[in-house]
Amino acid sequence: DLHSFPTRRSSDLVDGIRYRVVNSRSVGVIASSSKYTGKITIPSSVQYGGNTLSVVSIVDYAFYGSSNLTSITIPNSVTSIGDRAFYGCNSIDALTIPSAVTGIGNEVFAFCSGLRSIVVDKSNSKYDSRDNCNCIIVKSTNTLIQGCKASVIPSSVTSIGDAAFYGHTGLTAITIPSSVKSIGWASFATCTNLTSIIIPSSVTSIGRECFAFCEKLNSITVDSKNSKYDSRGNCNAIVETATNTLVQGCKTSTIPASVRAIGDYAFRGMSGLTSINIPYTVKSIGDYAFSMCDGLTKVRYLTTAPFSVSANCFSGSSDSSAPYNVTTLVVRRGYSYGINFVAGWKNFKTIVEDDTVFEDVNGDGEVNTADIVSIYNYILSADASGLAKHTADVNWDESVNTGDVVHIYNYIINVGGVPSPVKTKTFSVNGVSFKMVEVEGGTFQMGGTMFDWEKPVHSVTLSSYYIGQTE
């Protein structure tokens, strides 16, 4: 008789555990009015009103935030574990998933930072923990849906699911095998002690916020054979090769001049990031790209064609109306006033002009002979160089020619502080003397990866030569 049981919306406490009726024969464990603590063994059945009811589920948020829960035993009667059921239970160190469980929700064990052992019963038809990996893996898809600080990803895994390691702050290192093709949303987010990661050649899909809030992450390497992503120029970032979009950065990232876009959430929560140069080649920055980067104090925005960004791009929280944490925005000479009228940039506490960046043609944060090479590349082929004319025309004469090269050399000599002594030589032609400055030879990279005609990237070595000191 259903009238002798509580309704689905009511609940009762039995031996310290709160339940809700599922049907006339079963109940599910739900959240208690106070957090669960200590060691808890969930029974396979409970007596209520003279009837025996099977415990078949642990519902959404049942043990959420029970930080003093030290042990949990799940009976074989349980068939499903709901979303975030054990979220934040950071004192649990071991977990066994019984054979009857065929449904595991989202972020079930997120922020269980103390968890070091995960075992799935060998009789379970849907999940396993093969090779003593301390993970939960969906058998049919070889998808790892839950890991912990002691996990080893088996070479048979093809996908790492959404939030699989979310909040497992005890994780310090992990190897992603070459069998993995996709890494899900927030899969390693808030693994605050993870310091390095290598993306193998097999990975063709990376979800947003994959490494968000990994504040100690200082090394990101993409296998050079990966066809979808790269970490060009040892930039310590993940760049989508075809679109030149930086999709994930870390505290030591540099943005290569070949990058055209910075993706949504790319640097979110990277509190160890203190400054960043955004080169002129970047044409868009995604939502929350630098949000909650609490240590970020200076942004160098090197474009001569400012574009709008979302108000949440540099915000100090997920609230787009929150003030920016970033203290200073450094812009090119002459742009400090106009930038206030471009959406998303006026929220910076301080906007200053930096004379050096105007001559920084390639946007690497320095003025040196590499900028000369960029201008020569423009002169040889404007399209191939990737430069805009107004960027290469540093002397503002409405054309790009050797005058711009001379302008930068004069800048380096007179302002940039080229190491003394500067080597000069005087040449005479038809009675006219020319004072020349030696350009020291060296090796630089030419080519690109965006178009076939740019390939391959290759090294070019130039011998030292002389150029006129003045126009």
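- Partner of L95 under the side chain to side chain contact (heavy atoms under 4.5 Å, CB included) criterion, out of I74, V119, V120: I74 alone.
- Between atom CD of residue E215 and atom SG of residue C293 there is a gap of 11.0 Å, rounded to the nearest 0.5 Å.
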Would you please test T52 and S45 for side-chain contact (heavy atoms from CB on, under 4.5 Å) and show each step? CA-CA 6 Å; T52 300; S45 62; 3.8 Å; yes

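- Interatomic distance, F267 CZ to L273 CG, rounded to the nearest 0.5 Å: 6.5 Å.
- Not a single donor-acceptor pair under 3.5 Å links the side chain of S67 to the backbone N or O of N90.
- With sequence neighbours excluded, no residue forms a salt bridge (charged side-chain N to carboxylate O under 4.0 Å, His left out) with R208.
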I'd like to know whether S291 forms a side-chain contact (heavy atoms from CB on, under 4.5 Å) with N312, so could you lay out the CA-CA distance, the side-chain angles of the two residues, the decisive distance to 0.1 Å, and finally the verdict. CA-CA 7 Å; S291 68; N312 57 39; 5.8 Å; no

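- The OG atom of S129 lies 8.5 Å from the CD1 atom of I136; values are rounded to the nearest 0.5 Å.
- At distances below 3.5 Å, not a single donor-acceptor pair connects side-chain atoms of T195 with backbone N or O atoms of L217.
- Looking at every heavy atom in both residues, K251 comes nearest to N218 through CE-CB, 3.8 Å.
- By the 4.5 Å heavy-atom criterion applied to side chains, S308 and V342 are counted as neighbours.
- The side chain to side chain contact (heavy atoms under 4.5 Å, CB included) test with I30 is passed by exactly one of I58, I17, V59, D60: V59.
- Open room surrounds NZ on K39; 12 or fewer heavy atoms of other groups in view lie less than 6.0 Å from it.
- Closest of all the heavy-atom pairs between A62 and V29 is CB-O, 3.6 Å.
- In this structure a side-chain-to-backbone donor-acceptor pair under 3.5 Å is present from S179 to S155.
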Could you walk me through whether D360 and D371 pass the side-chain contact (heavy atoms from CB on, under 4.5 Å) test, one step at a time? CA-CA 6 Å; D360 181 17; D371 299 292; 3.3 Å; yes

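- Considering every non-hydrogen atom in both G161 and S187, the closest pair reads O-CB, 3.6 Å.
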What verdict does the side chain to side chain donor-acceptor pair (under 3.5 Å) test give for S26 and N23, after you've listed the backbone C-alpha separation in whole Å, the side-chain angles of each residue and the deciding distance to 0.1 Å? CA-CA 5 Å; S26 60; N23 55 43; 2.9 Å; yes

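- With contacts defined as side-chain heavy-atom distances shorter than 4.5 Å, the pair T254/N277 does not qualify.
- H168 places no side-chain N or O within 3.5 Å of a backbone atom of A110 that could act as its donor or acceptor partner.
- Of all the heavy atoms in N134 and S117, the pair that sits closest is OD1-CA, 3.4 Å.
- Heavy atoms only, all atoms of each residue included: C313 and G286 are closest at SG-O, 4.0 Å.
- Between the side chain of N76 and the backbone N or O of P98 there is no donor-acceptor pair closer than 3.5 Å.
- Here the OG1 atom belonging to T70 is positioned 8.0 Å from the CD1 atom belonging to I92, to the nearest 0.5 angstrom.
- Below 30°, between 30° and 60°, or above 60°: for Y64 and Y87 the angle between ring planes is below 30°, a parallel geometry.
- Across every non-hydrogen atom of S315 and A311, the tightest pair is CB-O, 4.1 Å.
- The one candidate from F111, F109, F188 that meets the ring-ring contact (aromatic ring centres under 6.0 Å, His included) condition with F165 is F188.
- Residues that satisfy the salt bridge (charged side-chain N to carboxylate O under 4.0 Å, His left out) test with E107, not counting sequence neighbours, are R84.
- Between D287 and S310 there is a side-chain heavy-atom pair separated by less than 4.5 Å.
- To the nearest 0.5 Å, the span separating CG on L69 from NZ on K35 amounts to 11.5 Å.
- Judged purely by atom type and a 3.5 angstrom limit, S202 uses its side chain to pair as donor or acceptor with the backbone of V180.
- In this structure a side-chain-to-backbone donor-acceptor pair under 3.5 Å is present from N236 to I220.
- Atom CG of N132 is surrounded by 12 or fewer heavy atoms from other residues, nucleotides or ligands within 6.0 Å.
- The neighbour count for N234 CG, taken as heavy atoms of other residues, nucleotides or ligands under 6.0 Å away, does not exceed 12.
- Contact annotation: the side chain of T158 never approaches that of T141 to less than 4.5 Å [non-hydrogen atoms, C-beta and beyond].
- With hydrogens and angles disregarded, a donor-acceptor distance shorter than 3.5 Å links the side chain of N226 to the backbone of V203.
- Residues L329 and F314 have side chains not in contact (no heavy-atom distance under 4.5 Å, counting atoms from C-beta outward).
- Summarising the local packing, NZ of K181 is surrounded by 12 or fewer heavy atoms from other residues, nucleotides or ligands at distances under 6.0 Å.
- For the ring-ring contact (aromatic ring centres under 6.0 Å, His included) with Y265, the lone residue among F290, F211, F213, Y288 that qualifies is Y288.
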Check the pair V138 / Y127 against side-chain contact (heavy atoms from CB on, under 4.5 Å), numbers first and verdict last. CA-CA 5 Å; V138 180; Y127 305 106; 3.8 Å; yes

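- The distance from the SG atom of C210 to the CD1 atom of I183 is 5.0 Å, given to the nearest 0.5 Å.
- Across R232, K283, R260, a single residue satisfies side chain to side chain donor-acceptor pair (under 3.5 Å) together with N244, and that is R232.
- In this structure, the side chains of I104 and Q146 stay at 4.5 Å or more apart for every pair of heavy atoms.
- At most 12 heavy atoms of other shown residues, nucleotides or ligands fall within 6.0 angstrom of atom NZ in K298.
- A salt bridge is defined here as a Lys NZ or Arg NE, NH1 or NH2 lying under 4.0 Å from an Asp or Glu carboxylate O, and D128 with R130 meets this definition.
- For the pair E240/K228, a side-chain contact is recorded, criterion being any heavy-atom separation below 4.5 Å from C-beta on.
- Between V101 and V78, some side-chain heavy-atom pair lies under the 4.5 Å cut-off.
- With hydrogens and angles disregarded, no donor-acceptor distance shorter than 3.5 Å links the side chain of S284 to the backbone of A261.
- The closest donor-acceptor contact from the side chain of S66 to the backbone of Y36 lies under 3.5 Å.
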I'd like to know whether S159 forms a side chain to side chain donor-acceptor pair (under 3.5 Å) with S182, so could you lay out the CA-CA distance, the side-chain angles of the two residues, the decisive distance to 0.1 Å, and finally the verdict. CA-CA 5 Å; S159 298; S182 66; 2.9 Å; yes

